[in-house]
Amino acid sequence: MKVFVIGSGGREHAICECLKKSPKVDKIFAAPANAGIAQIAECVNIGETDTEKLLDFALNNQIDLTVVGPEISLAAGVADVFQANGLKIFAPTKRAAQIESSKEFAKNLMKKYEIPTAEYQVFGDYNAAIQYVTEKGAPIVLKYDGLAAGKGVVVAQTFDEAKSALEDMLLHRKFGDGKVVVEEFLDGQEFSFMCLVNGENVFPLELAQDHKRAFDGDKGANTGGMGAYSPLPFISENDKDFALKNIMQKTANALISEGCSFCGVLYGGLIKTRNEIKVIEFNARFGDPETEVVLPRLKSDLFDIFNDVIDGKMPDIQWNNQCSLGVVLASKGYPEHYEKGFEIKNLDKLQDVEIYQMGTKQAGHVVEAGRAIPLLTNGGRVLFITALGDNLKQAREKVLTEIAKIDCENLFWRKDIGHQAINN
Ligand code: AMP
Ligand code: GLY
């Protein structure tokens, strides 16, 4: 079988590694891929949103299954185009992916179908928004509804912070002319619940927790994620059952009722508050970096799983009972300004860990005769290293020991991933 993976990060590298283990997969193609994916797949130089070229490639190469990583491909309608041409693709349509691309769509859906989430209102007008914030008081959360390069969510601790964020979003139009969702502040443990969904069929994966802040102690700016681990000792089986029935299944059913049945990964960014588990956000795709810690725990054949879910069959999803923990190595300065092009040495010295490349590239030339072509940093998040262990502490020790062998002058990483679950 020939599989096509769309995307270019650590998530897609982990998906490719997992698919490669399937005896049924003869060949993996990936677009646009990265230097790590290039070691196991044939790279195709087509951008993630170039749906027509992606389609042509899949048709011309008799691709049996396409898997999509990033949200931008979904929002560009890659699933719509592939399905219209009779191709098998594990990804939601553009309309179904609105659960991620439009916060207003997601919040309205949750309200209509009584899916537990923070109380909210949507505003296009600054004065109305300020009045609502005055009524509700701080802390309060403001979410710009549109693309904002990760800066669109402000958890305001004071009224003044909320006011200045609303000024940026609705008066100065810092991100564009989108609306703002103003919502209740929720306090509790956040976790990521990814389910494989096709219509009303919802199959849960193991839970993971991401770490969004740049530095140890959950300090610094919000990032795309600096590390993750799985399983989560503070979420019980009862909690998971509650979330599966009352959030994930209900949402899959709600999307059918709205005429945009979902196929792909429905990702619940959930929070366990004192009273109940609630939704912070939905994504319409695999989480990054959650995927890089969840897939190494999978014992079953991922290719079979994707096919079974698409074909409406019951997939066989089995897990090993190990704990998985992974750490991002990011370019110094990320998520703000950072430089690229620093050489990464000694990756071949790492033992007994998974190395997923996030933002890397192979240098275009041989630096010295007889030496391999160097691997260079090429993004904010550069590498993701995952270890398995009998417990999370052991997995973390292994990851940090192996990371110390990497020689690159421009990387930093967190040392406290899993701190919510590991008693030091
Ligand atoms: P989002 O882009 O919606 O995932 O928000 C980014 C981060 O902001 C989340 O991971 C939370 O840490 C925080 N956040 C978002 N909404 C809320 C909320 N209602 N209450 C508390 N924290 C929130
Ligand atoms: N790790 C959070 C996300 O994938 O959006």
Side-chain angles (χ1 to χ4, degrees), residues 7 9-12 14-15 68-72 74-75 97 99-107 110 116-121 133 136 138-157 161-162 165 169 175 178 180-194 205 207-214 218-230 264-295 326-328 330 335 356 358 380-381 384 417 420:
R11 166 183 53 204
E12 291 78 15
I15 292 170
V68 180
E71 199 252 334
I72 44 168
L74 306 174
I99 190 114
E100 172 168 5
S101 61
S102 165
K103 291 195 190 290
E104 187 178 13
F105 174 89
K107 291 300 282 191
M110 287 186 263
T117 189
E119 233 190 85
Y120 74 101
Q121 270 194 35
V133 169
K136 296 285 167 187
I140 195 152
V141 181
L142 314 159
K143 300 184 176 181
Y144 177 73
D145 197 7
L147 293 177
K151 307 223 165 107
V153 176
V154 174
V155 179
Q157 296 299 340
E161 254 178 83
M169 293 176 187
F175 306 117
V180 173
V181 176
V182 180
E183 69 175 41
E184 169 198 7
F185 172 78
L186 300 175
D187 196 18
Q189 279 278 5
E190 281 184 60
F191 62 102
S192 308
F193 192 8
M194 297 187 277
L205 302 182
L207 301 174
Q209 188 180 52
D210 185 10
H211 297 56
K212 295 222 157 108
R213 302 298 196 100
D218 294 322
K219 304 240 162 61
N222 258 323
T223 70
M226 294 298 291
Y229 64 99
S230 171
V265 180
L266 183 62
Y267 164 126
L270 311 184
I271 186 163
K272 184 179 174 176
T273 69
R274 206 137 36 121
N275 306 319
E276 199 182 15
I277 292 176
K278 295 188 179 178
V279 178
I280 295 250
E281 63 159 353
F282 280 115
N283 292 326
R285 51 170 176 82
F286 277 109
D288 193 355
E290 290 91 331
T291 303
E292 293 97 304
V293 294
V294 169
L295 288 185
V327 175
V328 171
Y356 299 123
M358 303 183 103
R381 294 190 296 175
F384 192 89
I417 300 303
Q420 319 249 37

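Note that these values count all heavy atoms, side chains included, but never hydrogens, waters or copies made by symmetry. Atoms within each ligand, like the ligands themselves, are counted from 1 in listed order.
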Of the non-hydrogen atoms in [X] and [Y], which two are nearest, and what is the gap between them?
X    : Y    : value
K103 : D145 : N-OD1, 2.8 Å
R213 : T223 : C-CG2, 4.2 Å
A106 : I99  : CB-O, 3.4 Å
G10  : E292 : C-OE2, 3.3 Å

Got the closest protein heavy atom to [atom], with its distance?
atom                    : value
atom 3 (O) of ligand 1  : K143 NZ, 3.0 Å
atom 17 (C) of ligand 1 : I280 CD1, 3.7 Å
atom 18 (C) of ligand 1 : V141 CG2, 3.5 Å
atom 13 (C) of ligand 1 : V155 CG2, 3.9 Å
atom 19 (N) of ligand 1 : E183 OE2, 2.7 Å

To the nearest 0.5 Å, how far apart are [atom1] in [X] and [atom2] in [Y]?
X    : Y    : atom1 : atom2 : answer
F384 : R11  : CZ    : CZ    : 12.5 Å
Q121 : K107 : CD    : NZ    : 11.5 Å
L266 : F286 : CG    : CZ    : 12.0 Å

- Query: So, does R381 use its side chain to make a donor-acceptor pair with the main chain of G225 at under 3.5 Å?
  - Reply: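 Side chain of R381 to backbone of G225: a pair is present.
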- Side-chain (H211) to main-chain (I417) donor-acceptor, under 3.5 angstrom: no
- For F185, take its heavy atoms, then give the atoms of ligand 1 lying under 4.0 Å from any of them.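 Numbered from 1, ligand 1 contributes 20 (N), 21 (C).
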- For the residue pair E161 and P139, establish whether any side-chain heavy-atom pair is separated by less than 4.5 Å. no
- Message: I'd like the name of whichever of D218, V153, V154 reaches closest to atom 8 (O) of ligand 1 through any heavy atom.
- Response: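 Considering heavy atoms of D218, V153, V154, the nearest to atom 8 (O) of ligand 1 sits in V153.
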- Output every pair passing side-chain hydrogen bond (donor to acceptor under 3.5 Å, both in side chains) with a member in residues 273-288, not counting sequence neighbours, ordered by first then second residue. E100-R285
- Query: Looking only at heavy atoms, is any part of L186 under 4.0 Å from ligand 1, and if so is it the side chain, the backbone, or both, or is it neither?
  - Reply: both
- Task: Indicate, as side chain, backbone, both or neither, the part of K103 found under 4.0 angstrom from ligand 1 when only non-hydrogen atoms are considered.
- Result: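 The answer is the side chain of K103.
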- Polar-atom distance check: E190 versus ligand 1, any N or O pair below 3.5 Å? yes
- Can you list, by chain and residue number, every protein residue with a non-hydrogen atom closer than 4.0 Å to ligand 2?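 Contacts of ligand 2 under 4.0 Å: D210, G224, Y267, N283, R285, G287, D288, P289, E290.
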